[in-house]
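Structure first, then comments.
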Amino acid sequence: MTKENTSHHHAEAKRKRLIWILCVSGFCILSYVLGSWQTNTVPSSSSAVYKRMGCDETKTQTKLSSSADNDDGNLSSSSSLSSSSSSEPVELDFESHHKLELKQKNQTIKYLEPCDMSLSEYTPCEDRERGRRFDRNMMKYRERHCPSKDELLYCLIPPPPNYKIPFKWPQSRDYAWYDNIPHKELSIEKAIQNWIQVEGERFRFPGGGTGFPRGADAYIDDISRLIPLTDGAVRTAIDTGCGVASFGAYLLKRDILAMSFAPRDTHEAQVQFALERGVPAIIGIMGSIRLPYPARAFDLAHCSRCLIPWFQNDGLYLTEVDRVLRPGGYWILSGPPINWKQHWKGWERSQEDLKQEQDSIENAARSLCWKKVTEKGDFSIWQKPINHIECKKLKRVHKSPPICTKAVQPDSAWYKELESCVTPLPEAKSPDEFAGGALENWPDRAFAVPPRIIQGTIPEISAEIFREDNEVWKDRVAYYKQIMPELSRGRFRNIMDMNAYLGGFAAAIVKYPSWVMNVVPVDAEKQTLGVIYERGFIGTYQDWCEGFSTYPRTYDLIHAGGLFSIYENRCDVTLILLEMDRILRPEGTVVFRDTVEILTKIQSITNGMKWTSRIMDHEKGPFIPEKILLAVKSYWTGPSS
């Protein structure tokens, strides 16, 4: 009997102990869940962050209307965080989780002053005064020449007086505000060619061009009768000497994304006009160095009266087109010398001169093993072979230019000089095999595993990692839509990803009315720009210790994920942020992703740049070390002169 009572007593004690443990555990779990929910709540209907930053569209339009009539020359500022907001957000407490003491509130803000108004259209690495110091041979003086240490600017590039937020896409394709780019030169110089027209306080882009007498839309229709443009096989294009990028603008309606480029020359602000229209473009030139793109990047290359001397230097420039052209890709040439028998009088050149130029181009194309598809009317079209099996046989007889040695890195293109040799294609086993692997047609191409990854040419990036990255970006963009509802509504037309990796951001927003300039830093551990192009997107290489090849105020949204972890010990972080400010439009947005330590350093600098910002949790919750800094550039203008 005693033994039974003792046994019963022990069982009862164990039961009470188990209940106590379960209650304590349940209380801890409940506290954790409630704490996570409280600190990780994101706004649903419209972004609380954006409301607190004063970026709702009604206020923006009211402010723009008043600023357009403001001629007093004083700097104006808006889009600031309201200190009297009735729904003031809870400050994030990183001290308990990261053991980091934040002293930012007690720091003295160092305010950066505006630059002189003469620098309103400053392009650091394409400065014409600096360019005059360099050789004019092969257009070297118009290539990138960045400022020396004593020429660096520590000031904010001022927008012109009465600057207005650009028109939304698709209206922006046809209209731009005169106050944003106050240059009438092209409307006068190219008046009969319908590049651009001035209508009151607006520019209008009729879609014309030097080579488009019936407009770019009809011009592209003519091309589509000669080669297929609508089946998804042609997705990426490069337009050399683009003017105001009407060719690229009208390719967009056919789901073709063009990288348009032109130099900063006497045709004032042509690339700036293109970007103001919401059309991809970059400052660039065919000179003595490679174009900043990987090999096998573009399905189509185009030149319409682009003034590039294709026949000079033994076809060196055509050799560079061959490098960036995808196997089976097309090169389209219109304008002189094509159809010279009909146009030679109007071009004011002799028949002999024009015939010799065309013969030289034909010979250069043959030396690259290109096949001439057609010459009809004002067009000549060539096609690059899908592999080099037959080309290697041809080169045993016609050795100039030779196929480059394997030591030449086809994708290396940052300040790398042009070479007089044919860039070798990856090995193919049969004549009908696409060198480097065949691509899916668009839009399947965006999410298909790129051939460079399938073939293992990028170390440590597998098909599984590629798919996982796509899933990561689905989650990120879903979160971005909550903190930036305008993302899917067309407010951000021109977007730049400063550290694009595999192009996951561009892919995740592919259905939005936006396009992304995917930038792969030359200092990045993995050089993945070729993968991005194989997905059907565009981008460029860049060293972020230097200026980017664009005009001021040309991007609506900039994404910088992990960028400052790469560059914090390479160059002055302030200079990178000033370059971002130069590129960003007034009321533009920046998304930084990095560690708390780096983000607080960035925020301490941007507080002095007329930016408003807030550090936010990672989309997975407050216990992820990586955080997000969401920043908005205030609206302000330079003084009237």
Side-chain angles (χ1 to χ4, degrees), residues 186-197 205-230 234 237-251 254 256 258 260 262 265-267 270 286 300-315 317-318 321-322 325 329-368 370-384:
L186 282 176
S187 66
I188 298 169
E189 182 182 347
K190 303 291 184 181
I192 63 172
Q193 297 169 7
N194 276 334
W195 279 33
I196 183 172
Q197 297 171 355
F205 302 93
T210 310
F212 318 143
R214 296 183 295 115
D217 211 18
Y219 175 89
I220 295 170
D221 283 341
D222 291 341
I223 294 173
S224 66
R225 296 184 186 98
L226 304 175
I227 58 173
L229 290 183
T230 57
V234 173
I238 183 168
D239 188 15
T240 54
C242 64
V244 295
S246 288
F247 181 70
Y250 284 88
L251 281 177
R254 296 161 173 86
I256 298 175
S260 301
D265 59 11
T266 53
H267 292 163
Q270 50 189 332
M286 278 280 197
L300 182 149
H302 172 258
C303 163
S304 175
R305 298 180 68 103
C306 61
L307 303 180
I308 296 173
W310 301 111
F311 56 93
Q312 292 181 6
N313 303 305
D314 297 322
Y317 296 136
L318 214 53
V321 172
D322 179 78
L325 202 58
Y330 298 98
W331 183 55
I332 302 171
L333 178 63
S334 68
I338 305 305
N339 203 9
W340 57 266
K341 292 179 181 179
Q342 181 174 339
H343 298 298
W344 67 276
K345 289 183 179 179
W347 292 337
E348 297 180 350
R349 291 175 59 184
S350 69
Q351 297 184 66
E352 292 77 14
D353 179 39
L354 288 162
K355 182 180 184 304
Q356 184 179 1
E357 181 179 338
Q358 178 155 355
D359 288 345
S360 298
I361 291 173
E362 301 274 8
N363 291 335
R366 276 194 295 270
S367 72
L368 297 170
W370 291 4
K371 173 188 175 183
K372 190 165 187 179
V373 176
T374 186
E375 180 171 339
K376 186 173 182 180
D378 294 338
F379 296 101
S380 276
I381 302 178
W382 287 264
Q383 187 173 24
K384 180 177 176 175

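Just the heavy atoms: all of them, side chains too, but no hydrogens, waters or symmetry mates, feed the values below. In this chain, numbering begins with 1 at the start of the sequence shown.
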In a table with atom names and distances, give each donor-acceptor pair under 3.5 Å that connects a side chain of residues 237-248 to protein atoms at least two apart or in another chain.
{"from": "D239", "atom 1": "OD1", "to": "H302", "atom 2": "ND1", "distance (Å)": "2.9"}
{"from": "T240", "atom 1": "OG1", "to": "H302", "atom 2": "O", "distance (Å)": "2.9"}
{"from": "S246", "atom 1": "OG", "to": "R277", "atom 2": "NH1", "distance (Å)": "3.0"}

Spacing of [X] atom [atom1] and [Y] atom [atom2] [to the nearest 0.5 Å]:
| X | Y | atom1 | atom2 | value |
| --- | --- | --- | --- | --- |
| D221 | R214 | CG | CZ | 8.0 Å |
| D314 | Q312 | CG | CD | 10.5 Å |
| N339 | L354 | CG | CG | 10.5 Å |
| Q356 | I361 | CD | CD1 | 11.5 Å |
| K355 | E362 | NZ | CD | 10.0 Å |
| I227 | I381 | CD1 | CD1 | 4.5 Å |

Over all atoms of both residues, closest heavy-atom pair of [X] and [Y]:
| X | Y | result |
| --- | --- | --- |
| M286 | V321 | CE-CG2, 3.6 Å |
| P337 | E357 | CD-OE2, 3.4 Å |
| W347 | W340 | CZ3-CA, 3.6 Å |
| Y219 | S304 | OH-CB, 3.6 Å |
| S367 | A364 | OG-O, 2.6 Å |
| Y330 | L325 | O-CD1, 3.6 Å |

_ring pair (Phe, Tyr, Trp, His ring centres under 6.0 Å) partners for W370, two or more places apart_ =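 With sequence neighbours excluded, W370 shows a ring pair (Phe, Tyr, Trp, His ring centres under 6.0 Å) to W331, given in chain and number order.
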*Do side-chain atoms of K376 reach the backbone of L226 as a donor and acceptor pair under 3.5 angstrom?*
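Such a contact is absent between K376 side chain and L226 backbone.
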*Out of I338, I332, V373, which residue meets the side chain to side chain contact (heavy atoms under 4.5 Å, CB included) rule with S380?*
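It is I338, the one option of I338, I332, V373 that forms the side chain to side chain contact (heavy atoms under 4.5 Å, CB included) with S380.
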_side-chain contact (heavy atoms from CB on, under 4.5 Å) assessment of L368 paired with K384_ = CA-CA 8 Å; L368 297 170; K384 180 177 176 175; over 6 Å; no
